[in-house]
Amino acid sequence: MEDAPYITVVDVRDYAYCPRVVYFTHVLHLKERITEAMQYGKEHHEDPPLAPLMPKLKPKCVIKNVELMSSKLKLMGKVDTIVVTKHGEYIPVEVKWSEPRQGKPRRQHKAQLIAYALLIEESYSTTVKRAVIYYSRVGRLIEMPITSQDKRQVKRMIKQIYQVIRSEEMPEVKFKPKQCVDCGYKCYCQL
């Protein structure tokens, strides 16, 4: 990975959604077709209402739109919000214009927040144990624990992303009707 350019946390999120997205963007250099839902979500990307969380989190400070980079992982990203508690705990907070799946974070959003946790850990010399996702479409805040196993899984995912880029081979994936129908790359996909 020494000579490879940095990938982004968005690449990790996209890979968790479907490994072919990384192939389309990094190997074929294709751009995703912007759907109406994506445009609407971008326009309505708002600060999460953190007020209900504040008594529980006991923040010392709130940091917005932080750009982070890891030379170890060759990973970079910009986290929406980092809450630093009075006990020195760092908690990444991300806004999503979608809905949770059965009351839990979507797989790709969880991977994204874990990747941010890894960046925060390296940048601030700390351990991130939890994150928060605000699903703005339904006005729902979900607190998510982050384990060592979660972090190892995302590190493996990062290595797999670099492998897709190096090999230039399209990953095999299973057709998922609910997921594939809304994909901005479906016109390029062979599924």
Side-chain angles (χ1 to χ4, degrees), residues 6-19 21-22 38 41-42 44-162 178-179:
Y6 282 40
I7 61 168
T8 67
V9 171
V10 171
D11 292 324
V12 173
R13 180 202 67 199
D14 291 347
Y15 186 86
Y17 182 77
C18 176
V21 173
V22 169
M38 291 165 62
K42 192 176 279 189
H44 291 83
H45 190 275
E46 58 200 46
D47 286 336
L50 298 177
L53 274 181
M54 292 306 157
K56 183 178 182 184
L57 297 180
K58 298 178 177 68
K60 180 171 71 177
C61 72
V62 176
I63 309 166
K64 302 274 190 174
N65 299 314
V66 185
E67 292 192 28
L68 301 171
M69 188 178 296
S70 166
S71 56
K72 278 193 268 186
L73 298 171
K74 297 276 192 200
L75 179 69
M76 60 186 186
K78 184 176 179 181
V79 64
D80 289 342
T81 305
I82 301 172
V83 173
V84 183
T85 70
K86 72 177 190 176
H87 301 294
E89 181 184 4
Y90 286 68
I91 304 169
V93 179
E94 193 63 20
V95 177
K96 295 295 171 197
W97 177 252
S98 62
E99 298 173 16
R101 181 160 285 138
Q102 298 170 345
K104 295 183 180 176
R106 291 177 176 265
R107 181 176 188 266
Q108 66 269 23
H109 300 156
K110 186 174 180 179
Q112 182 179 11
L113 277 159
I114 295 165
Y116 283 135
L118 293 169
L119 289 175
I120 291 167
E121 288 181 345
E122 187 173 325
S123 298
Y124 294 98
S125 300
T126 189
T127 301
V128 177
K129 299 175 188 164
R130 58 185 166 152
V132 173
I133 302 174
Y134 175 60
Y135 286 101
S136 62
R137 184 185 297 180
V138 293
R140 178 120 188 250
L141 278 165
I142 296 178
E143 191 174 339
M144 171 186 103
I146 298 176
T147 66
S148 297
Q149 182 179 346
D150 293 330
K151 293 172 191 174
R152 284 191 301 274
Q153 185 178 11
V154 168
K155 286 178 183 178
R156 279 192 303 274
M157 202 177 286
I158 291 166
K159 288 179 183 177
Q160 291 165 342
I161 291 168
Y162 276 108
K178 287 183 182 177
Q179 181 173 303

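Since we're looking at a predicted model, the values are computed, not measured.
In this structure, the separation between CD on Q108 and OG on S98 is 7.5 Å, given to the nearest 0.5 Å. Taking CG from L75 and CD1 from I158, the interatomic distance works out to 4.5 Å, rounded to the nearest 0.5 Å. How far NZ of K60 is from OG1 of T85: 8.0 Å, rounded to the nearest 0.5 Å. Taken from CD1 in I161 to CG in D11, the straight-line distance is 6.0 Å, to the nearest 0.5 Å. A distance of 9.0 Å separates OH in Y6 from CE in M76, rounded to the nearest 0.5 Å. For the atom pair T8 OG1 and R13 CZ, the distance stands at 8.0 Å (nearest 0.5 Å).
Of all heavy-atom pairs spanning I91 and V132, the tightest one is CG2-CG2, 4.1 Å. Across Y162 and K74, no two heavy atoms sit closer than the pair OH-O, 2.6 Å. Shortest non-hydrogen contact noted between V128 and P92 is CG1-CD, 3.7 Å. G88 and T126 get closest at one heavy-atom pair: O-OG1, 4.2 Å. In plain terms, the two heavy atoms of I114 and V154 that are nearest each other are CG2-CG2, 3.4 Å. Of all the heavy atoms in I120 and Y90, the pair that sits closest is CG2-CB, 3.7 Å.
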Dump the intermediate steps for side-chain contact (heavy atoms from CB on, under 4.5 Å) on I82 and Y124, then the final yes or no. CA-CA 11 Å; I82 301 172; Y124 294 98; 4.2 Å; yes
Steps toward side-chain contact (heavy atoms from CB on, under 4.5 Å) verdict (R106, K96): CA-CA 10 Å; R106 291 177 176 265; K96 295 295 171 197; over 6 Å; no
Could you go through the side-chain contact (heavy atoms from CB on, under 4.5 Å) check for T127 and E121 one step at a time? CA-CA 5 Å; T127 301; E121 288 181 345; 3.8 Å; yes
Using the side-chain contact (heavy atoms from CB on, under 4.5 Å) rule, take Q112 and I133 through it: C-alpha gap first, then chi angles, then the decisive distance, then the call. CA-CA 10 Å; Q112 182 179 11; I133 302 174; over 6 Å; no
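Side-chain contact between V93 and D80 is absent, with no heavy-atom pair separated by less than 4.5 Å. Residues K104 and I142 form no side-chain contact, since every pair of their non-hydrogen atoms from C-beta on lies 4.5 Å or further apart. With contacts defined as side-chain heavy-atom distances shorter than 4.5 Å, the pair E122/L68 does not qualify.
The pair K129-E89 does not meet the salt-bridge criterion, since no charged nitrogen lies less than 4.0 angstrom from a carboxylate oxygen.
In this structure, the side chain of Y116 does not engage the main chain of A111 through any donor-acceptor pair within 3.5 Å. No side-chain donor-acceptor contact under 3.5 Å links R140 to the backbone of Y135. Remark: the backbone N or O of V21 is not paired with any side-chain donor or acceptor of D14 at under 3.5 angstrom.
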